[in-house]
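Each chain gets a letter, A, B and so on, in the order the sequences are listed, and its residues count up from 1.
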2 protein chains.
Amino acid sequence: MTQGVGDLDRSVGYTLKQAAAALRAAMDAELRPLGLTVPQYACLEILGQRPGMSAAELARGAFVTRQSMHAVLLGLAERGLLARAATAPQGRALPTELTDAGRRVLEQASATVAGVERRMTETLTPAARERLRADLAACADALSP
Amino acid sequence: MTQGVGDLDRSVGYTLKQAAAALRAAMDAELRPLGLTVPQYACLEILGQRPGMSAAELARGAFVTRQSMHAVLLGLAERGLLARAATAPQGRALPTELTDAGRRVLEQASATVAGVERRMTETLTPAARERLRADLAACADALSP
DNA sequence: GAGCGTATGTCAGGATACTGACATGACACA
DNA sequence: TGTGTCATGTCAGTATCCTGACATACGCTC
């Protein structure tokens, strides 16, 4: 019961962190030439798939705080890649959408990131990929409450 | 070829980040009462398993930069949880080891983290756990060069 | 209508991590 | 010998992210 973690190389948690760090580093390196950080890309990707989301929803989707997403949105808006509603249609949430320029940047970035993900999983069969995804989702669910 | 990432919920990369974020948040919450951050715990855990490692080796093991690990080591040393050699036996690397106090803190922290990892993977069979770990290691390897 | 809980946007402060740079020590090789 | 390369420790500056806090807006309950 008071047992420790054990050999790190045998630990799922450690290996999970290792894979996430490798993915983050690879994305960072490939997005840098496009002038995007990983959180900025994440913001664009989510907005491309679900236009009109609020900053708080984007923050949850990108796994950062509202405050961090706030800063990301300010930067992207200043570059003209997205536009936020000036007034809230209901409540306080300000819907945000991509501009045409934002969609163009996203198209490049998304293709780049897709390449990274393909390289990451190329040694796995399609079935193994889907199994891995499902197991990871189960792990995330088990910790979320 | 210029295809994008596609639906995020079907993406291995996105789900990987989701699981890593959940693990990080859970570890952060459980280590806070012990007065440890995640990088600090990682440093102690690695040192516990492999005494005498240098700061640069610790940084690679914890997936941070040498500079970040340097700051972590200063903090832990000031709290008396580890001791760094004053002079380098060879080269410039300064071997670091846990103190008795460090080992006591690590024992608690490691048990706590083991509980988090157990909770994360409790819906998986032992075989599925090992398969997940192996697939994650393959993903990390595919991106490391 | 009043009170409570929740969600959102935003500001301020501090902690944390990274990039860039420099000096030192070890090693390989011409 | 000396030169180039690499790894390490460390310092400085910047960027990023988080915690804490406050005000506003909606829904629910009494």
Side-chain angles (χ1 to χ4, degrees), chain A residues 17 20-29 31-33 35-43 46-47 50 52-79 82-97, chain B residues 17 20-29 31-33 35-43 46-47 50 52-79 82-97:
Chain A
K17 191 168 179 179
L23 174 60
R24 170 78 184 223
M27 286 177 63
D28 208 81
L31 288 173
R32 186 180 305 270
L36 289 178
T37 65
V38 171
Q40 285 173 337
Y41 156 72
C43 180
I46 297 172
L47 271 181
R50 307 182 65 165
M53 286 187 83
S54 71
E57 291 173 310
L58 286 169
R60 285 190 291 269
F63 314 111
V64 297
T65 59
R66 293 198 310 274
Q67 294 86 336
S68 297
M69 182 54 67
H70 183 66
V72 169
L73 287 175
L74 289 181
L76 292 176
E78 188 174 8
R79 286 167 59 181
L82 53 81
R84 304 189 69 189
T87 62
Q90 66 181 18
R92 298 201 68 199
L94 301 175
T96 304
E97 293 190 3
Chain B
K17 191 167 179 177
L23 174 60
R24 168 81 184 220
M27 285 177 64
D28 208 81
L31 288 172
R32 186 179 306 270
L36 288 178
T37 65
V38 171
Q40 284 172 337
Y41 156 72
C43 179
I46 297 172
L47 271 181
R50 308 181 64 165
M53 286 187 82
S54 70
E57 291 173 311
L58 286 169
R60 285 190 291 270
F63 313 111
V64 296
T65 60
R66 292 199 310 274
Q67 293 87 334
S68 297
M69 182 54 68
H70 182 66
V72 169
L73 286 175
L74 289 180
L76 291 176
E78 188 173 8
R79 286 167 60 181
L82 53 82
R84 304 188 70 189
T87 62
Q90 65 180 21
R92 298 201 66 200
L94 301 175
T96 305
E97 293 191 2

Quick check on DNA chain C: between A/Ala56 and B/Arg66, whose nearest nucleotide comes earlier from the 5' end? A/Ala56
Could a donor-acceptor pair under 3.5 angstrom be found where the side chain of B/Gln67 meets the base of C/dG20? yes
Listed nucleotide nearest any side-chain atom of A/Arg92, set D/dT24, D/dG9, C/dA17: D/dT24
Return the value, rounded to whole Å, for the distance between atom CG of A/Leu74 and atom C1' of D/dA15. 15 Å
If each of A/Pro89 and A/Pro39 is mapped to the nucleotide of DNA chain D with the nearest heavy atom, which maps nearer the 5' terminus, i.e. the 5' end? A/Pro39
Quick note, A/Ala93 side chain, CB onward, closest among C/dT8, C/dT19, D/dG9 is C/dT8
Counting only side-chain nitrogens and oxygens, does B/Ser68 get under 4.0 Å of the OP1 or OP2 atom of C/dC18? yes
Any idea which of C/dA17, D/dC18, C/dT19 is nearest the A/Thr65 side chain? D/dC18
Listed nucleotide nearest any side-chain atom of B/Thr37, set D/dT8, C/dT16, D/dT16: C/dT16
B/Gln40 versus B/Leu76, closest heavy-atom pair with distance: O-CD1, 3.9 Å
For B/His70 and D/dT10, is the shortest distance between a side-chain N/O and OP1 or OP2 below 4.0 Å? yes
For atom CG of B/Asp28 and atom P of C/dA15, their distance in whole Å: 15 Å
Expressed as a whole number of angstroms, how long is the span from A/Leu58:CG to D/dC17:P? 14 Å
Could you pick out which residue, A/Arg24 or B/Ser54, lies toward the 5' side of DNA chain D when each is mapped onto its nearest nucleotide? B/Ser54
Which whole-number value in Å describes the distance from B/Leu94 CG to C/dG25 P? 12 Å
side-chain N/O A/Arg60 vs C/dT8 OP1/OP2, d < 4.0 Å: yes
C/dT16 P sits how many Å from B/Leu73 CG, rounded? 14 Å
Spacing of A/Lys17 atom NZ and B/Leu23 atom CG [to the nearest 0.5 Å]: 8.0 Å
To the nearest 0.5 Å, atom CZ of A/Arg32 lies from atom CG of A/Asp28 at 5.0 Å
Nucleotide C/dT10, atom C1' - distance to CE of A/Met69 in whole Å: 15 Å
Report yes if at least one side-chain N or O of A/Arg84 is closer than 4.0 Å to OP1 or OP2 of C/dT8; otherwise report no. no
With a 4.5 Å heavy-atom cut-off, do B/Leu36 and B/Arg79 have their side chains touching? yes
Could you state the CE-C1' distance from B/Met27 to D/dC18, rounded to the nearest angstrom? 17 Å
Please find the pair of heavy atoms, one from A/Ile46 and one from A/Gly61, that lie closest to each other, and give the distance. CD1-C, 3.5 Å
Write down the distance between OH (B/Tyr41) and P (C/dT16), rounded to a whole number of angstrom. 18 Å
